[in-house]
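Data block below; observations after.
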There are 2 protein chains.
Amino acid sequence: MGAKERKERQKTEMREAILSAALKLFSDDGYDTVTMRKIADEIEYSVGTIYLYFRDKNEIFFELHNRGFAEFFQKQLSVQNIENPLERLTAHGTAYIQFAIDRPEYYDLMFISRTPSKEINKNKHWTEGERTYDLLKLNIRQAMEAGYFKGVDLEVAAFSLWSFVHGIASLFIRDRLMMVPVESLKPLVAGALKFLERAY
Amino acid sequence: MGAKERKERQKTEMREAILSAALKLFSDDGYDTVTMRKIADEIEYSVGTIYLYFRDKNEIFFELHNRGFAEFFQKQLSVQNIENPLERLTAHGTAYIQFAIDRPEYYDLMFISRTPSKEINKNKHWTEGERTYDLLKLNIRQAMEAGYFKGVDLEVAAFSLWSFVHGIASLFIRDRLMMVPVESLKPLVAGALKFLERAY
DNA sequence: TTCCCTTACTGAACATTGTTAATTTTCTGA
DNA sequence: TCAGAAAATTAACAATGTTCAGTAAGGGAA
């Protein structure tokens, strides 16, 4: 009598297949070259079928945005075992930027593209973004307890640190660093993170 | 015998008209809603005509990008009379962010959108961006002479400061600041700039 | 097994986009 | 005035997201 359950399972499997296909295309050539027809070809169904599982293209990209965050959050957590709060914060920043470099399409979708922000604006609540922000605040709070950020408001510190790493990541991803030679990018980023420590 | 000259003038006037029309549409509803046909309607010519004056849509947006920079550079220069290097740098940052808030579409086109970066990549040289970057470096150098940024590399400092303000601007423009209430945005930005001063 | 209703899927069609090229209109200089 | 050049138009093309009438498949009851 598991007919209903099987139906459910098939439904999620199909959604899964669509998302995987979209992700594949998207990682290969960037998300603005992904078309509904290409996705349909990839899963070997017709275009119309996709619309039985997703309201529209935005919804697909919003789901991919969520997957990006899942992977991102893993990476973020991997530095949490570092004892020294200062070191941990900088490692946190490095991991952030490294994610942007390794997974530029994901980063773009999560923090730059307008595509998912329309979806986000509907519920007026960006769960994934907030979770990341909270982790950052946690690490800053612990650094504060260790004597850093004297006289600095927690919100201000979190906003500043996030803006800083996001600025680096998004200038890189959207190709606005032509004036710095590629080979000096890495030391520049490391230097910038060291520089920011002076404000801690 | 000024026929040739008149032709030239008419040509630039037409380009001008097209750019103005594009700018109008673009400021009203955002650049991704601007279509060639809407521009054509606006200037009361047919679509094809636009292609006699611009190679393609990218070229139009690249020109708008240049205009954005002209306005931007004006604003940037307006803080150059401030004597104190520290104050001047922070005013520089404030002016940067204020431009992004006042002219979000321009800022987006100049520093975020992929549209003009394709055009930029052709000559492999981003004149407008470099000019801005040089002004920033000038101000940092003068702050260094006044004793700030001890032991910091000029390139690192410039990269850091730019990333910082760009991070703020682009998170704002691309709607990724849902977790901060609108009313606290202004003090947050001011606080962030003050916070960064600690690293100077 | 057979029948029928629900569910799943298809694919042609639509409107909108940037871009092109053949055609028509306008201008210009002898 | 008129032929050649320049400017402008318009229909067309391919690609896009999305919809919907039609077709196929599935599954429970007789």
Side-chain angles (χ1 to χ4, degrees), chain A residues 1-19 21-22 25-26 28-65 109 113-119 122, chain B residues 1-19 21-22 25-26 28-65 109 113-119 122:
Chain A
M1 183 54 61
K4 209 155 207 154
E5 287 77 7
R6 197 196 54 223
K7 281 290 177 58
E8 270 311 303
R9 184 158 37 81
Q10 284 179 337
K11 185 120 194 167
T12 64
E13 270 168 12
M14 187 59 136
R15 279 181 68 98
E16 201 59 29
I18 291 168
L19 288 173
L25 295 167
F26 156 100
D28 290 351
D29 307 315
Y31 63 87
D32 43 325
T33 75
V34 176
T35 71
M36 298 305 262
R37 282 169 182 83
K38 281 192 203 163
I39 297 174
D41 280 358
E42 190 72 28
I43 61 171
E44 296 181 292
Y45 279 82
S46 68
V47 223
T49 305
I50 299 174
Y51 289 88
L52 302 173
Y53 296 89
F54 292 92
R55 198 180 344 94
D56 55 21
K57 207 184 169 190
N58 275 337
E59 205 186 43
I60 294 177
F61 280 116
F62 180 68
E63 283 303 322
L64 288 182
H65 147 283
L109 203 56
S113 162
R114 283 211 154 105
T115 307
S117 73
K118 286 172 200 158
E119 204 71 17
K122 265 177 215 154
Chain B
M1 185 56 56
K4 208 152 208 157
E5 287 76 6
R6 196 195 57 219
K7 279 288 176 61
E8 270 312 303
R9 184 158 35 82
Q10 283 179 337
K11 186 120 192 166
T12 64
E13 270 169 12
M14 188 56 138
R15 277 181 70 96
E16 200 59 28
I18 292 168
L19 289 172
L25 294 167
F26 156 101
D28 290 352
D29 306 317
Y31 64 87
D32 44 324
T33 75
V34 177
T35 71
M36 297 306 260
R37 283 170 182 82
K38 280 192 204 164
I39 296 174
D41 281 357
E42 190 72 29
I43 60 170
E44 296 181 293
Y45 278 82
S46 66
V47 221
T49 304
I50 299 174
Y51 288 88
L52 302 173
Y53 297 89
F54 292 92
R55 196 179 348 95
D56 56 19
K57 206 185 170 190
N58 276 337
E59 204 185 43
I60 295 176
F61 280 117
F62 180 68
E63 283 303 323
L64 288 181
H65 146 283
L109 203 56
S113 163
R114 285 211 153 105
T115 307
S117 73
K118 286 172 199 159
E119 204 70 21
K122 265 177 217 154

Applying side chain to side chain contact (heavy atoms under 4.5 Å, CB included), name anything that partners B/K11, two or more places apart in sequence or on another chain.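 B/K11 satisfies side chain to side chain contact (heavy atoms under 4.5 Å, CB included) with B/Y53 only.
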The criterion is ring pair (Phe, Tyr, Trp, His ring centres under 6.0 Å); which residues satisfy it with A/F26, sequence neighbours excluded?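 Residues passing ring pair (Phe, Tyr, Trp, His ring centres under 6.0 Å) with A/F26: A/Y106.
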Does B/F62 have any ring pair (Phe, Tyr, Trp, His ring centres under 6.0 Å) partners at least two apart in sequence or in another chain, and if so, which?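 Once residues adjacent in sequence are excluded, the partners of B/F62 under the ring pair (Phe, Tyr, Trp, His ring centres under 6.0 Å) criterion are B/H65.
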How long is the line joining [atom1] of [X] and [atom2] of [N], in whole Å?
X	N	atom1	atom2	answer
B/D41	D/dA8	CG	C1'	15 Å
B/I50	C/dG18	CD1	P	9 Å
B/E44	D/dT9	CD	P	11 Å
B/L52	C/dT26	CG	P	16 Å
A/R9	C/dT7	CZ	P	19 Å

With the side chain counted from C-beta on, respond yes when B/K57 and B/T35 share a heavy-atom pair under 4.5 Å apart, and no when they do not.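 Contact flag for B/K57/B/T35 side chains = no.
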Please output the side-chain donor-acceptor pairs of residues 39-48 of chain A that fall under 3.5 Å, not counting sequence neighbours, one pair per line with the distance.
{"from": "A/E42", "atom 1": "OE2", "to": "A/K24", "atom 2": "NZ", "distance (Å)": "3.2"}
{"from": "A/S46", "atom 1": "OG", "to": "A/T49", "atom 2": "OG1", "distance (Å)": "3.4"}

Could you run down nucleotides 10-26 of chain D 5' to 3' and tag each one B, S or - for protein heavy-atom contact under 4.0 Å? B-B---BBBB-------
Just checking B/Y53: base, sugar-phosphate only, or nothing, at a heavy-atom cut-off of under 4.0 Å?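 Sugar-phosphate: the residue B/Y53, judged by heavy atoms under 4.0 Å, touches backbone atoms but no base.
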Can you sort out the partners of A/R114 under salt bridge (charged side-chain N to carboxylate O under 4.0 Å, His left out), two or more places apart, ordered by chain and number?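 Testing A/R114 for salt bridge (charged side-chain N to carboxylate O under 4.0 Å, His left out), a comparison that skips the adjacent residues, returns B/D108.
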